[in-house]
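Down below is the structure, laid out as structure tokens.
Note that the numbering runs from 1 along the sequence shown for the chain. These values consider heavy atoms only, across backbone and side chains, with no hydrogens, waters or symmetry-generated copies.
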Amino acid sequence: MSPKGNTLSTIADIPDKAGPKEWLGLAVLALPTLLLSIDVSVLHLAVPHISEALNPSASQMLWIIDIYGFLIAGFLVTMGTLGDRIGRRKLLLIGAAAFGLASVAAAYADDPALLIAARALLGVAGATLMPSTLALISNMFADARQRGMAIAIWVTMFSVGIALGPVVGGAMLEYFWWGSVFLLGVPIMGLLLVAGPVLLPEYRDENAGRLDLTSALLSLVAILPVIYGLKELAKDGLAVLPLLALLAGAALAVVFVRRQRTLDSPLMDFRLFRNPTFRTALVTLLLSMLVAGGTYLLVTQYLQLVGGLSPMTAGLYLLPAAFALIVTSVVSPIAASRFRPAHVVAAGLVVSALGHVMLATADSTSGIAQVVTGFAFVYGGGGPLVALGTDIVVGSAPPEQAGSASAVSETSTELGMALGVATLGSLGAAVYRAGVELPPGVGDGAGDTLAGALDAAKSLPAEVASALADSGRAAFTDGMNAVGAVGTLLALGSAVMVAMVIKSPPTGVGEEPATGDEPLVKAAE
């Protein structure tokens, strides 16, 4: 390849193109992404069944759902650093084995506390998977254009998992017990353990510094008190203990940041945040995943508890949203080759805002068409951010900091999803508790969750039962309306922020590269 213009270039400067083995390796790396997205979607479908079988409190149910995401977010940076030291493939395979074992433990848990513990183990194991897969993709695909395509495929598998999860999980919930949904991970992890050593190369940083265990602990203990405080404030209002937890978490976060600034090999390099493109893309990913997590939780319950659908049918009704996400995820890189990626992402966020408006104005008696359509707009509008956001973050960092940028990006995504379940899920629960009207003598469980109210209604006289069920469904829908309103504001605010700050030019995907080494997304000056 000849140089272009005044650019001095040699054949040695041109990155090697990935071959068939690398693309087969990408298929293997897509398995953990597929599994984690399936795991999220089937768990939300299983919530009513877990409530009936284990009778957890509202707080326990939220912990069952979100402890997984919290521990993934808390350990992602640590695991990314550990992978640099012991080998990224080795860490991936260790995590796959641990994930499979923890999935079996979750499937057969017979107590809410045991299920929370199993979900926590799944979170720690899951934290080994995501940074390892993305880092290996960066290593295997040196050519920027191929790397962009590989990341787009990797992200699309998340969308495919969301599409498959409701159908496969709904069918399993229809014919088997709730724990069967966790067993989906066992064969997927088994295939990864068999194919990984054959198709995936090993990469480690021979010059990596030591792993700072104090920083690893601080990164975790700074997150959990904050989440606890937010959940309890949403549940019971202002109280001393939740406020103290928030302050403790914030103080520990400050200690963590200061420690990173003094280390030669920090867990998280905060110099990356000086770049406005990196900072804006990261915040947008966090907010969008926050809204997605809370919205998905409420919509899946609405379809079953308010709409009266079976798990299988509810899964089928979620397919339009999943397919919309897949289509927009695939189309977005093409659009970004003609328009600024920020404009593509911002346009998608506006579409998501329209979907949130539909969720904010739905009611418990208007049918499920508006909710399904609104949810499809929410997910379809998020496709551009899903497809382009990770590469914008990684592309805005210097090449030598790409691994650190990948870990921070994954942390933002997972933490946003977990925060969405905790904060928006708690908001929906708080609105429900304030609005439901309980007849005399009905237990507190009916006032905590709609599943509890519908269960209590089974033992009441017909007229009283109908009134309780109607009140519960209306109160739950009010909670979903509140979350839809919050989602509208966050989507529109993020769209404006992205369009104004991120200045990356069109990527030119699909054109013949001049030198073969241009970044897929160039950082803003």
Side-chain angles (χ1 to χ4, degrees), residues 33 36-41 43-44 62 65-74 76-77 123 126-127 129-131 134 151 154-159 161-162 165 223 226-227 230 278-300 321-322 324-325 328-329 332 345-346 348-349 351-353 355-356 359 375 377-394 405-428 483-484 486-495 497-498:
T33 306
L36 294 179
S37 60
I38 287 177
D39 185 69
V40 170
S41 57
L43 179 65
H44 285 82
L62 286 175
I65 295 169
D66 58 32
I67 189 65
Y68 171 77
F70 295 155
L71 291 184
I72 283 185
L76 267 173
V77 175
L129 302 177
M130 300 306 286
L134 189 55
I151 290 176
W154 178 76
V155 169
T156 300
M157 290 305 295
F158 183 86
S159 309
I162 291 176
I223 291 175
V226 172
I227 303 305
L230 290 173
F278 179 90
R279 190 168 60 244
T280 301
L282 205 64
V283 170
T284 304
L285 280 170
L286 179 99
L287 293 178
S288 296
M289 292 301 104
L290 184 150
V291 172
T295 302
Y296 197 102
L297 171 65
L298 294 175
V299 167
T300 52
L325 177 58
T328 55
S329 297
S332 294
V345 171
L349 290 171
V351 173
S352 282
H356 284 298
L359 296 179
F375 192 55
F377 274 91
V378 169
Y379 262 48
L385 179 62
V386 169
L388 302 174
T390 298
D391 203 57
I392 289 175
V393 170
V394 176
S406 299
V408 175
S409 174
E410 286 303 312
T411 301
S412 176
T413 299
E414 294 294 340
L415 181 59
M417 186 71 73
L419 281 172
V421 173
T423 57
L424 297 184
S426 296
L427 172 62
V483 171
V486 172
T488 301
L489 295 176
L490 290 179
L492 291 176
S494 297
M497 181 172 61
V498 166

Smallest separation among heavy atoms of [X] and [Y], with atom names:
X: Pro384; Y: Gly348; value: CG-CA, 4.1 Å
X: Tyr379; Y: Leu325; value: O-CD1, 3.4 Å
X: Gly355; Y: Val378; value: C-CG2, 3.6 Å

Distance (rounded to the nearest 0.5 Å) between [X] [atom1] and [Y] [atom2]:
X: Phe375; Y: Thr295; atom1: CZ; atom2: OG1; value: 7.0 Å
X: Leu298; Y: Leu424; atom1: CG; atom2: CG; value: 8.0 Å
X: Leu287; Y: Leu489; atom1: CG; atom2: CG; value: 12.0 Å
X: Leu490; Y: His356; atom1: CG; atom2: NE2; value: 8.0 Å

**Asked** Any donor and acceptor pair, going by atom type alone, linking the side chain of Ser352 with main-chain N or O of Gly382 inside 3.5 Å?
**Response** yes

**Prompt:** Short question: side chain of Thr284, backbone of Ser494 - any donor-acceptor pair under 3.5 Å?
**Reply:** no

**Message:** Test side chain to side chain contact (heavy atoms under 4.5 Å, CB included) on Leu285 and Leu385; report intermediate values, then the result.
**Reply:** CA-CA 7 Å; Leu285 280 170; Leu385 179 62; 3.8 Å; yes

**Request:** Please tell me if the side chains of Leu359 and Val483 come closer than 4.5 Å, counting only heavy atoms from C-beta onward.
**Result:** no

**Request:** Could you tell me whether the side chain of Leu427 reaches within less than 4.5 Å of the side chain of Val486, counting heavy atoms only?
**Result:** yes

**Request:** Would you mind telling me which of Val345, Val283, Leu349 makes a side-chain contact (heavy atoms from CB on, under 4.5 Å) with Ser288?
**Result:** Leu349

